[in-house]
*Asks:* 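Shown below is the structure under consideration.
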Number of protein chains: 2
Amino acid sequence: MSLDRQQKRTTIYDLAELAGTSASAVSAVLNGNWKKRRISKQLAEKITRIAEEQGYALNMQASLLRREKSHIIGMIVPKYDNRYFGSIVELFETMARDKGLFPLITCTRRDPALEIEAARTMLSYQVDCVIATGATDPDRITELCAAAGVRTINLDLPGKLAPSVISDNFAGARELTRRILVSCHQRFGAMEPLMFVGGRGGDHNTMERLRGFRQAHADHGIDLEDDRVIACGYAPEKAQSALQERAASGLPFSRGMFVNSTITLEGVLRWLRLAGPVSEQEFALGCFDYDPLVALLGDNIEMVRQDVPAMLTRMFELIEHGSFEPTVSEIPPLLR
Amino acid sequence: MSLDRQQKRTTIYDLAELAGTSASAVSAVLNGNWKKRRISKQLAEKITRIAEEQGYALNMQASLLRREKSHIIGMIVPKYDNRYFGSIVELFETMARDKGLFPLITCTRRDPALEIEAARTMLSYQVDCVIATGATDPDRITELCAAAGVRTINLDLPGKLAPSVISDNFAGARELTRRILVSCHQRFGAMEPLMFVGGRGGDHNTMERLRGFRQAHADHGIDLEDDRVIACGYAPEKAQSALQERAASGLPFSRGMFVNSTITLEGVLRWLRLAGPVSEQEFALGCFDYDPLVALLGDNIEMVRQDVPAMLTRMFELIEHGSFEPTVSEIPPLLR
DNA sequence: AAATCTTGCTTCATCGATTGAGCAAGTGCG
DNA sequence: CGCACTTGCTCAATCGATGAAGCAAGATTT
């Protein structure tokens with residue numbers, strides 16, 4: 001590693017010397033409370049000018065060491081490979097900056113060990129708050145942070161120890177399922193039970209979506225056997241091979257499918273292309289998540305879009321109001 | 001903002017007191033060079049145990065203030081809304097961590113002012129190195145960082161003042177164009193000139209891709225008028241309305257199109273759906289960038305996938321070898 | 001026995017910014 | 001003139017971790 005820095009950086013002491021004043025005055029001027037510290041306007045202007053000329057940059061480490069709050073807000077995300085998490089991160093950065101906070105983001109690739117490691121690192125960087133997004137074990141993160149006096153908020157997947165902001169998975173799934181059923185009925189005449197593909201049996205979102213999925217079937221008086229549910233994880237390859245296996249098993253296959261994410265949808269579509277029992281047009285699909293490219297895949301795919309702006313707005317509200325109780329805010333997703 | 005931290009955190013002084021030793025010994029033990037500092041194994045173990053019991057977390061700010069290198073490596077990215085940048089960020093984080101560096105990532109939404117602001121902030125955080133990815137003005141960033149003695153590397157888009165790692169846009173575009181032309185020929189019989197949609201006329205990548213696009217036409221002895229090039233930016237809406245306008249203008253329309261990114265492709269496909277002169281199947285499309293969902297859109301879309309692992313590997317090589325000369329490394333993209 | 005070396009620590013200055021306390025000069029008032 | 005008050009600054013301690021220098025006690029050499 002050669003990331004060598006040659007010259008040493010300009011400090012407030014250098015500026016003080018150049019301006020013929022004290023470091024204390026320079027600090028007061030540059031961090032904006034020179035009025036409170038009774039520094040004259042002339043000196044303030046002089047210091048500001050010299051700082052600009054010298055290309056002075058504050059040493060955050062030194063500044064943060066002295067201050068009690070860092071105004072750093074950490075976010076742990078599982079992946080950057082889909083529009084949902086991408087927009088969460090992008091909007092989070094923007095909103096955090098607008099509120100005067102510094103966003104620090106880490107991607108853990110759904111690796112539980114990395115999640116904990118990431119939380120620990122964030123604590124070292126003195127974050128004021130950690131947002132655990134889609135974490136496999138949010139409560140572990142909360143415990144770790146609580147021990148350091150740092151609060152956490154869960155996003156996308158809820159935890160039991162900190163406030164959570166998630167989509168209303170039940171309602172979204174119920175409505176999505178209803179639409180797929182209706183589409184199946186209109187296009188194929190039959191009202192047969194759908195299949196549910198993707199997600200992890202243990203995770204809260206998958207369970208809630210499954211509940212909505214079952215409810216929609218019940219709403220239409222359709223019997224649903226347990227073997228129609230294939231919670232094979234989110235990865236495309238997993239979905240593809242699970243469908244392959246399922247097809248080989250000889251169990252009945254539905255022409256309507258509820259797919260748990262756009263990532264899983266990739267696997268489902270690939271399987272349909274390569275080995276699907278009938279043409280792709282003979283399927284009615286629904287996807288819990290939105291991607292504009294999926295919208296272009298054809299009219300036979302319904303989508304539910306999670307309301308990222310509303311979720312983040314709620315999240316920052318929780319931060320601002322200092323809520324610590326493990327409440328769950330369910331944000332209605334957008335259909336169409 | 002209430003991000004209040006209640007208790008104050010455990011420091012090495014607290015641990016020293018508990019262990020009946022000095023802060024210096026605690027520091028030496030916890031940062032791993034206790035052997036060099038001749039601390040006994042017993043004391044080392046005692047300190048380690050107490051640190052764990054107390055859930056001690058290093059104060060990075062204090063540590064970094066004292067050290068000369070921060071081992072923080074910054075990356076500036078324009079967007080998180082596509083697979084290309086998503087995989088760059090994800091792999092960058094992984095590789096940086098493997099090399100013992102701490103990745104600090106900031107998204108600037110292609111806003112030139114934010115880019116500069118982001119670079120400045122990174123300097124405040126004492127980064128050892130900044131990677132400017134797809135920056136609108138990479139040289140400005142390099143200048144700013146150089147003034148603070150911080151090196152930069154340009155990724156995706158080259159600059160004149162620092163080493164750059166980019167795709168071989170010319171070769172990639174030439175081959176992609178060739179394939180679209182062949183596909184057009186096979187499917188529609190004709191060898192007509194293609195259209196080029198998306199990108200910004202000024203940016204290096206667009207210019208190089210255009211050069212490859214023109215070269216491929218020349219290779220096949222096809223005349224290409226300038227009005228077939230629509231460099232309307234990357235946004236889908238821009239592409240959609242530009243195509244709309246172009247169709248209205250009465251100028252000749254090609255059945256083959258070279259689209260400059262998956263994001264732009266969204267707009268192209270939307271326009272084809274809504275207002276395309278003939279069915280989508282009557283078009284041969286090529287896209288400079290890869291998205292697995294696009295691969296599912298049909299067989300009539302060729303794609304070029306930029307070789308992100310090779311690009312990042314090269315980038316870290318440049319860092320390790322301490323190269324400062326503004327060389328340009330062109331990484332061949334992957335076709336299929 | 002004296003000189004030297006080794007072991008295992010501690011002491012203290014330092015990194016750069018922040019902030020309470022303090023101080024000198026000037027202003028206002030009776 | 002003397003006292004209080006304001007203005008405009010400087011001084012010095014501090015945040016937590018680090019590491020060069022130093023020191024005491026025991027081990028080894030001459």
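When reading the values below, keep in mind they use all heavy atoms of this one structure, side chains included, and skip hydrogens, waters and symmetry mates. Chain identifiers are assigned alphabetically (A, B, ...) following the order of the sequence lines, protein sequences preceding nucleic acid strands; residue numbering begins at 1 within each chain.
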*Asks:* Taking only N and O in the side chain of B:N33, is any of them less than 4.0 Å away from OP1 or OP2 of D:dG19?
*Replies:* yes

*Asks:* May I have the distance from B:L58 (atom CG) to D:dC15 (atom C1'), rounded to whole angstrom?
*Replies:*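 So the CG-C1' distance, B:L58 to D:dC15, works out to 14 Å.
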
*Asks:* Looking at C:dG20, does its base get a donor-acceptor pair with the side chain of A:R37 below 3.5 Å?
*Replies:* yes

*Asks:* Counting just side-chain N and O atoms, does A:Y56 come under 4.0 Å of either OP1 or OP2 of C:dA17?
*Replies:* yes

*Asks:* Let's see if you can work this out: which of C:dG16, D:dT14, D:dT18 has an atom nearest to the side-chain heavy atoms of B:Y13?
*Replies:*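 Looking only at side-chain atoms, B:Y13 lies closest to D:dT18.
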
*Asks:* Check whether B:T133 reaches the backbone of B:I76 with its side chain - one donor and one acceptor, N or O, closer than 3.5 Å.
*Replies:*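 Yes.
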
*Asks:* Over how many whole Å does the gap from B:I12 atom CD1 to D:dC15 atom P extend?
*Replies:*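 Those two atoms, CD1 and P, are 12 Å apart.
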
*Asks:* According to a strict under-4.0 Å criterion, is B:N31 in side-chain N/O contact with OP1 or OP2 of D:dT18?
*Replies:*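 Checking D:dT18 against B:N31, a side-chain N or O does come within under 4.0 Å of OP1 or OP2.
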
*Asks:* Base, sugar-phosphate, or nothing for B:S24, non-hydrogen atoms under 4.0 angstrom?
*Replies:* base

*Asks:* Using a cut-off of less than 4.0 Å, is there contact between a side-chain N or O of B:N59 and OP1 or OP2 of D:dC15?
*Replies:* no

*Asks:* From CD1 of B:I39 over to P of D:dA20, roughly how many Å is that when rounded to an integer?
*Replies:*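 The answer, rounded to whole Å, is 14 Å.
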
*Asks:* Does A:L64 reach a base, just sugar-phosphate, or nothing at all? Heavy atoms under 4.0 Å.
*Replies:* nothing

*Asks:* Between B:E320 and B:K99 (salt bridge meaning N to carboxylate O under 4.0 Å), is one present in this structure?
*Replies:*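 Salt bridge between B:E320 and B:K99, a charged N being under 4.0 Å from a carboxylate O: yes.
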
*Asks:* A:I73 and side chain to side chain contact (heavy atoms under 4.5 Å, CB included): which single residue from A:I319, A:I105, A:V130, A:V127 fits?
*Replies:*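 Testing A:I73 for a side chain to side chain contact (heavy atoms under 4.5 Å, CB included) against A:I319, A:I105, A:V130, A:V127 leaves exactly one candidate, A:I319.
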
*Asks:* Any idea which of C:dC15, D:dG8, C:dT18 is nearest the A:S40 side chain?
*Replies:* D:dG8

*Asks:* Can you tell me how far P of C:dA17 sits from NZ of A:K69, to the nearest Å?
*Replies:*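 Roughly 22 Å, once rounded to whole Å.
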
*Asks:* Just checking A:L43: base, sugar-phosphate only, or nothing, at a heavy-atom cut-off of under 4.0 Å?
*Replies:*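 If one applies the 4.0 Å heavy-atom cut-off, A:L43 turns out to touch the sugar-phosphate alone, with no base involved.
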
*Asks:* For D:dT18, does the base pair up with any side-chain atom of B:R67 as donor and acceptor (N or O, under 3.5 Å, distance only)?
*Replies:*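 Result: no qualifying N/O pair found.
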
*Asks:* Could you tell me how far apart A:Y125 (OH) and D:dA17 (C1') are, to the nearest whole angstrom?
*Replies:*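 Value for this atom pair: 14 Å.
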
*Asks:* Quickly work out the A:L65 CG to D:dG16 P distance and round it to whole Å.
*Replies:* 7 Å

*Asks:* What is the distance from NZ of A:K36 to P of C:dT19, rounded to the nearest Å?
*Replies:* 7 Å

*Asks:* For A:R38 and for B:K41, find the nucleotide of DNA chain C with the closest heavy atom, then tell me which residue's nucleotide is more 5'.
*Replies:*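 Going by which nucleotide is closer to the 5' end, it is B:K41.
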
*Asks:* If you measure from the Lys or Arg side-chain nitrogens to the Asp or Glu carboxylate oxygens, is any gap between B:R314 and B:E317 under 4.0 Å?
*Replies:* yes

*Asks:* Is the shortest side-chain N/O distance from B:T21 to OP1 or OP2 of C:dT10 below 4.0 Å?
*Replies:*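 It does, given that an N or O in the side chain of B:T21 lies less than 4.0 Å from OP1 or OP2 of C:dT10.
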
*Asks:* Is the phosphate of C:dT10, meaning OP1 or OP2, less than 4.0 Å from a side-chain N or O of B:S22?
*Replies:* yes

*Asks:* In plain terms, say whether B:R49 and B:E52 are close enough for a salt bridge, that is, a side-chain N and a carboxylate O under 4.0 Å apart.
*Replies:* no

*Asks:* Can you tell me which nucleotide in D:dC9, C:dA17, D:dT18 comes closest to the side chain of A:S27?
*Replies:*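 My answer, after comparing the listed nucleotides, is C:dA17.
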
*Asks:* Contact class for B:L30 (heavy atom, under 4.0 Å): base, sugar-phosphate, or nothing?
*Replies:*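 No contact at all - B:L30 keeps every heavy atom at 4.0 Å or more from the nucleic acid.
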
*Asks:* Provide, to the nearest angstrom, the distance between the CD atom belonging to B:E45 and the C1' atom belonging to C:dG8.
*Replies:*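 Going from B:E45 (CD) to C:dG8 (C1'), I get 16 Å.
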
*Asks:* Quick one: is C:dA17 close enough that its OP1 or OP2 comes under 4.0 Å of any side-chain N or O from A:S63?
*Replies:* no

*Asks:* State, without any angle test, whether A:D203 and A:Y234 hold a side-chain donor-acceptor pair at a distance under 3.5 Å.
*Replies:*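 A donor-acceptor contact under 3.5 Å links the two side chains.
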
